[in-house]
Asker: 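There's a structure below that I have some questions on.
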Amino acid sequence: MDTVNLLEGLNAQQREAVTAPEGPVLVLAGPGSGKTRVLTRRAAWMQVELAVSPWRMMAVTFTNKAAREMRQRLAAMLGENAARAMALGTFHALCARILRREAEVAGLSPDYVIFDSDDQLSLMKQVVRELGLDDKRYRPRSLLNSVSRAKNELIPPTEYPTTTYHDLVAARAYARYQELLRKSNGLDFDDLLMETAKLFQADDLVREKYQHRYRHILVDEFQDTNMAQYVILNLLAREHHSLYVVADEDQSIYSWRGADARNIRRLRQDFPELRTYLLEENYRSTQVILDAAQAVIARNRGRTPKRLFTRRQGGVAIRLREAYDEVDEARFVAEEIQRLLRSYRPGDVAVMYRTNAQSRALEESLVHRNIPYRLIGATRFYARKEIKDLLAYLRLVQNPDDDVSLLRAINVPPRGIGARTIARVSEAAAEQGLSRYRAVLWLLEQRAVKGRTYNALLAFVSLVQQWLQVYQETGLDALLESILADTNYRAYLRTHTQERAPRSDGLSAADARWENVMALQAVVSEAADLPLGDFLTEVALVADVDELSEEQDAVTLLTLHSAKGLEYPVVFITGLEEGRLPHSRSLDTEQEIAEERRLLYVGMTRAKERLYLTYAFRRSWGWGGGEPSEPSRFLDDLPAEVLSRPQPQRTRATSTWSQPAWRPSRPQQRVTQYHVGDRVQHAHYGEGTVMECELSGHEEVVTVLFEHVGAKRLLAGRAPLTVLPKH
DNA sequence: AGATACTGCTTTTTT
DNA sequence: AGCAGTATCT
């Protein structure tokens, strides 16, 4: 393998970036500019040209999928061995490995288990109960958010800023949460980063060891690193300054997870000799798509404008489509896909949305037309109840001190250990300072429980001990089989799964769950030679079985967040409504709205050839029925030229760029049931006054100012409204 | 004491 | 749609 090959097919900017002199390097790149490709080539180039040993390199990717792809490319260029020798993976995976190896120095047990977000939530609920907090005022979820933010900033409970009473409570919850987590011998996702950062900060020897081991570091999607990750990078790279980082500020969409685009500035400060390279040529999208995306992102303030360009002049105009509701929207998408399938493969098409809940209508519509699809994320495989149940057993075998898993597994399937008994176990655990599993053993030894309860607890404990033996003697594969057999899990699924509406695939809900179990078993047999701990770590960090199943030729449904780093010839972005995108939870600050805008930008720039944008006039929000919605403000920024929607004749003189390309559909005047000024009574909102009536399609929309809840837009035909007589 | 049936409440995004 | 809390059944 020689240099010519490594630089083959790269443009001048890319070549320059790949062949940058050793030292700190920042590559600022636009979407579709081949930044991951540059990163991969750089790794190869360093090995070939600078004679860097692959053992001395670490490459951090944003997803497992990206890591897998990078490894494949490296294997093709340098051979299997070199590709395998490099440390390559997500931050979390790399940190998990380091912590397992350095557990003792880090003050952890090497048997630790990783707590996923479900486990975190159970634990925090426990904390809220224990501290006697009102779970309405102190929502476990929002407490977890605070904890996560603190951990990402490397702030321990004792240093948690307590300016308000609420913060004080959060600090106490954080402290207790952390205490319980460590007692369970668990680490949550944020701990993986925090503990690694702390380890490198505290222990010079370990830090030097890894500085030497990972002498050259490469990082993809650097704009989405958080403080903890930055500290880790900084500590590792500060000795040799061989840090190669690829970023695009405009694609920073994870600030809610602690990601801080200011890390780019920090990098400049901490490594003054940093060299910066730009990648401005877009190889992915047509001019039309790029123009539209640029118009949307240009509205964000304080960004460094980029000069992105593409040689793919022109292109198919973007379709903007208003649908009546989400069902109509899904129908449009499916019908359009059906038409496109004459010239595209199903795998060429992706449908994106802001929230996972939006996938349902789309799925139904695709199933109805027999269009194959695969769903990314949504109900994550490892988050399904049946899978979590079984993983809880596995985790208990690995680490009996895992209280969350114990609470989950102890009475599933029901084996006569009810709330009362569990309360006694918890009590004993607290009194004796034991984990719950050990408290059960203690209760049994002391004969503190009798009769049926004693037998039930004894039976449970013997099961776990038996399984431990099975695992030690025969391994992972047999362990899962024993668990399934001994718990009679299939029978449990049959009796405890309630059938809902008939499914399109004809399976009963119980059968579908059993299929998931079989899928888990397949995963286990593939990993049968892994130690249980490694298997559980992998499972916790991979998180989606779709990642494991091989790519099939199917339409992809995914959130805008998970679309990052991907590309498709045809992209649909659905649900472009106020409250959806931008999401109603992200309307408070300009920064939040800016991030929502970047999210749309990321979605749009995934498209190579065709882009569809859709919004619904009305969308049901969970189960609350349909409420009218307004088209997203971001649509206002689309220049008329890029849209295919029939436009009113424009005169040459008017600048179409600054004008909204599109106007909300104004209903023509017809008869309305309600009138401005009417006093009305609503079943839930109480009394109010009608402020506005409009007809749209066949529906009448009234805006009512309610005395207690403020203004609401309602569908007159569906809302429980009555007109009150005028006084 | 445990299991089950019913009712009301809440949903962003992910390693 | 799923979960916690409550009421009722075994």
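In what follows, every chain begins at residue 1, and chains take the letters A, B, ... in the order their sequences are listed.
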Asker: Does a salt bridge link A:Lys35 with A:Asp220, judged by any charged N lying under 4.0 Å from a carboxylate O?
Answerer: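 No salt bridge links A:Lys35 with A:Asp220.
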Asker: When you check the side-chain N and O atoms of A:Ser122 and A:Arg408, is any donor under 3.5 Å from an acceptor?
Answerer: no
Asker: Just checking A:Phe91: base, sugar-phosphate only, or nothing, at a heavy-atom cut-off of under 4.0 Å?
Answerer: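 No contact.
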Asker: Rounding to a whole Å, what distance do you find between A:Asp118:CG and C:dG2:P?
Answerer: 13 Å
Asker: Taking the six-membered ring for Trp, does A:Trp256 stack with B:dT13 (centroid gap under 5.5 Å, planes within less than 30°)?
Answerer: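 Yes, the aromatic ring of A:Trp256 stacks with the base.
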Asker: Ion pair present between A:Lys198 and A:Glu195, side-chain N to carboxylate O less than 4.0 angstrom?
Answerer: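 Yes, charged N to carboxylate O under 4.0 Å.
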Asker: Check this one for me: any side-chain N or O of A:Asn356 less than 4.0 Å away from OP1 or OP2 of B:dT13?
Answerer: yes
Asker: Round to a whole Å and report the spacing from NZ of A:Lys65 to P of B:dT14.
Answerer: 15 Å
Asker: Any idea which heavy atoms bring A:Leu587 and A:Ile593 closest together, and the distance?
Answerer: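 Where A:Leu587 meets A:Ile593 most closely, the heavy atoms are O-CD1, 3.8 Å.
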Asker: Tell me the interatomic distance from A:Leu187, atom CG, to B:dT15, atom P, rounded to whole angstroms.
Answerer: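 My rounded result for the distance is 18 Å.
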Asker: Counting only distance, no hydrogens or angles, is the base of B:dT12 paired donor-acceptor with the side chain of A:Arg585 under 3.5 Å?
Answerer: no
Asker: Figure out the CG/P separation between A:Leu375 and B:dT14, and round it to whole Å.
Answerer: 11 Å
Asker: Just wondering, are more than 12 heavy atoms of other shown residues or ligands nearer than 6.0 Å to NE2 in A:His166?
Answerer: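 Enclosed.
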Asker: Could you give the distance separating C:dG5 and B:dT11 at their P atoms, to the nearest angstrom?
Answerer: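 Going atom to atom, P in each nucleotide, I get 14 Å.
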Asker: What's the closest nucleotide to the A:His561 side chain, out of B:dG2, B:dT10, B:dT13?
Answerer: B:dT13
Asker: Tell me whether the OP1 or OP2 atom of B:dT14 has a side-chain N or O from A:Thr63 closer than 4.0 Å.
Answerer: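 Checking B:dT14 against A:Thr63, no side-chain N or O comes under 4.0 Å of OP1 or OP2.
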Asker: Counting neighbours of CE on A:Met58 that are heavy atoms of other residues, nucleotides or ligands and sit closer than 6.0 Å, is the number greater than 12?
Answerer: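 Enclosed: over 12 neighbouring heavy atoms sit under 6.0 Å from CE of A:Met58.
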Asker: Check the phosphate of B:dT12 against A:Thr559, side-chain N and O only, distance under 4.0 Å to OP1 or OP2. Yes or no?
Answerer: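 For A:Thr559, the contact criterion (side-chain N or O under 4.0 Å from OP1 or OP2 of B:dT12) is not met.
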Asker: Side chain of A:Tyr254 only, please: which of B:dT12, B:dT14, B:dA1 is the nearest?
Answerer: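 Closest of the options to the side chain of A:Tyr254: B:dT14.
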Asker: Looking at residues at least two apart in the chain, or sitting in another chain, which of them share a ring-ring contact (aromatic ring centres under 6.0 Å, His included) with A:Tyr254?
Answerer: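 Once residues adjacent in sequence are excluded, the partners of A:Tyr254 under the ring-ring contact (aromatic ring centres under 6.0 Å, His included) criterion are A:Phe62, A:Trp256, A:His561.
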Asker: Rounded off to whole Å, could you give me the CG-to-P distance for the A:Asn64 and B:dT15 pair?
Answerer: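 Taking CG of A:Asn64 and P of B:dT15, I get 8 Å after rounding.
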Asker: Between the protein and nucleotides 3-8 of chain B, are there any N/O to N/O pairs under 3.5 Å, and if so, what are the atom names and distances?
Answerer:
unit_1: B:dA3; atom_1: OP1; unit_2: A:Gly416; atom_2: N; d: 3.0
unit_1: B:dA3; atom_1: OP2; unit_2: A:Asn411; atom_2: ND2; d: 3.0
unit_1: B:dT4; atom_1: OP2; unit_2: A:His496; atom_2: NE2; d: 3.2

Asker: Report the nucleotide, chosen from C:dC3, B:dT15, B:dT12, that has the shortest atom-to-atom distance to any side-chain atom of A:Lys125.
Answerer: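 From the listed options, C:dC3 comes nearest.
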Asker: In whole Å, measure the gap between the C1' atoms of B:dT12 and C:dA4 for me.
Answerer: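 Pairwise C1' distance, B:dT12 against C:dA4, rounds to 22 Å.
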Asker: Tell me: CD1 of A:Ile114 to C1' of B:dT14, nearest whole Å?
Answerer: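 Going from A:Ile114 (CD1) to B:dT14 (C1'), I get 15 Å.
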Asker: Please confirm whether the ring centroid of A:Tyr177 lies under 6.0 Å from the ring centroid of A:Tyr174.
Answerer: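 Centroid separation for A:Tyr177 and A:Tyr174: 6.0 Å or greater.
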Asker: Is the shortest side-chain heavy-atom distance between A:Val449 and A:Thr421 below 4.5 Å?
Answerer: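 No - every pair of side-chain heavy atoms lies 4.5 Å or more apart.
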Asker: Are the charged groups of A:Glu363 and A:Arg360 less than 4.0 angstrom apart, N to O?
Answerer: no
Asker: Can you tell me the distance, in whole Å, between the CG atom of A:Asn145 and the P atom of B:dT11?
Answerer: 12 Å
Asker: In whole Å, I'd like the distance from the CD atom of A:Glu363 to the C1' atom of C:dA1.
Answerer: 13 Å
Asker: Indicate, with a heavy-atom threshold strictly under 4.0 Å, whether A:Arg420 touches base, sugar-phosphate, or nothing.
Answerer: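 It contacts sugar-phosphate atoms only.
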Asker: Identify which nucleotide among B:dT12, B:dT14, C:dA1 has an atom closest to any side-chain atom of A:Arg360, counting heavy atoms from C-beta outward.
Answerer: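 The nucleotide sitting nearest to the side chain is C:dA1.
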Asker: Any base atoms under 4.0 Å from A:Ser586, or only sugar-phosphate, or nothing? Heavy atoms, all strands.
Answerer: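 Base, at least one base heavy atom under 4.0 Å.
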Asker: For DNA chain B, whose closest nucleotide is more 5', that of A:Lys136 or that of A:Ser562?
Answerer: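 On the 5' side of the pair lies A:Lys136.
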Asker: Is A:His92 side chain donor-acceptor paired with the B:dT15 base, going by distance under 3.5 Å alone?
Answerer: yes
Asker: For nucleotides 5-10 of chain C, tabulate all protein N/O to nucleotide N/O atom pairs closer than 3.5 Å, reporting atom names and distance.
Answerer:
none

Asker: Between A:Glu153 and A:Arg149, is there a salt bridge with N-O shorter than 4.0 Å?
Answerer: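 A salt bridge is absent here (no side-chain N lies under 4.0 Å from a carboxylate O).
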Asker: Measuring to OP1 and OP2 of C:dC3, would you say a side-chain N or O of A:Lys385 lies under 4.0 angstrom away?
Answerer: yes
